[in-house]
Amino acid sequence: MLTPAAIESLFAREGSSLYGGEAISQAEHALQCAWAAEQQGDDDALVVACLLHDLGHLLSAQRDDALARGIDDLHQHRVLPFLRPWLPADVVEPIGLHVEAKRYLCAVDPDYEDALSDASRHSLALQGGTMNPRQVAAFESHRQAERAIRLRRHDDAAKVVGLATPPISHFLPRVAALLRVRA
Ligand SMILES: [Fe+2]
């Protein structure tokens, strides 16, 4: 069952692993991402999507060194069945699209790829590379495309070594507000 306490303990247990190829931990990355969304006035669903977007890495037996070993771990998809019963589409779908959003931005924003970190550029190739025009059109037709792009921009910025953020407890009330209560 997905609860704020379960998320908090998963972060406490697994969050200190390094965020693949970057000099910060998974927990630092997630908190920086959610903090960026909050500071830019995004709604609860987007802040929570930012907090949880890489939960697939924390649930993965391969952890986040998979990309470094040349394997696309498909973390953006693996996490969806875990989240979908409990959280609304405004949280879940942008998470499922956040890798596609990188491939999309490489195709439409000439400056985007150059600004990616080395690790993110390396994983791009494994994840299918820059989108072709047909893939761009398909992505743009998705109802959650804009939200996925916002998540992606926060994701890309959330790699600052030593940046102070609030602790996870600061964000958990937003998670609680969105969780579906199950009978
Ligand atoms: Fe990320």
To the nearest 0.5 angstrom, please state how far the CD atom of Glu140 sits from the CE atom of Met131.
-> 9.5 Å
Determine whether Leu31 and Val79 fall in the same hydrophobic cluster, where Ile, Leu, Val, Met, Phe, Trp and Tyr are linked whenever their side-chain heavy atoms lie under 4.5 Å apart.
-> yes
Indicate, with yes or no, if Leu124 and Ile149 share a hydrophobic cluster defined by side-chain heavy-atom contacts under 4.5 Å among Ile, Leu, Val, Met, Phe, Trp and Tyr.
-> no
Report whether Val99 and Leu105 are members of the same hydrophobic cluster (ILVMFWY, side-chain heavy atoms less than 4.5 Å apart, transitive linking).
-> no
Which atom of Ala49 lies closest to which atom of Leu151, heavy atoms considered | CB-CD1, 3.8 Å
Does Glu14 offer a backbone N or O that forms a donor-acceptor pair with the side chain of Ser17 under 3.5 Å?
-> yes
CG-CZ distance between Leu58 and Arg13, expressed to the nearest 0.5 angstrom = 9.5 Å
Can you hop from Leu51 to Val160 via hydrophobic side chains spaced under 4.5 Å?
-> no
Hey, what do you get for CD (Gln26) to CG (Leu18), rounding to the nearest 0.5 Å?
-> 8.5 Å
Mind checking whether Pro85 and Leu2 have side chains closer than 4.5 Å, heavy atoms only?
-> no
Interatomic distance, His98 atom NE2 to Arg147 atom CZ [nearest 0.5 angstrom] = 15.5 Å
May I ask you to test the Glu146-Pro94 pair for a side-chain heavy-atom distance under 4.5 Å?
-> no
Calculate, to the nearest 0.5 Å, the distance between atoms CZ and OG belonging to Phe11 and Ser169 respectively.
-> 12.5 Å
Answer yes or no: is there a side-chain heavy-atom contact under 4.5 Å between His154 and Gln40?
-> yes
Hey, are the side chains of Leu163 and Ile24 touching, using non-hydrogen atoms and a 4.5 Å cut-off?
-> no
What salt bridge (charged side-chain N to carboxylate O under 4.0 Å, His left out) pairs are there with at least one residue in residues 105-114, not counting sequence neighbours?
-> Asp109-Arg153
Are Leu10 and Val47 joined in one hydrophobic group, where the rule is that I, L, V, M, F, W and Y side chains link up if heavy atoms are under 4.5 Å apart?
-> yes
Minimum side-chain heavy-atom gap Gln32-His29 below 4.5 Å = no
Is Arg150 salt-bridged to Asp43, cutoff N-O under 4.0 Å?
-> no
Side-chain touch Cys106/Leu116, heavy atoms, less than 4.5 angstrom = yes
Would you call Leu83 and Val91 a side-chain contact if the rule is heavy atoms closer than 4.5 Å?
-> no
Side chains of Glu38 and His170: is there a donor and an acceptor less than 3.5 Å apart?
-> yes
Is there side-chain contact between Tyr112 and Arg152, with at least one heavy-atom pair below 4.5 Å?
-> yes
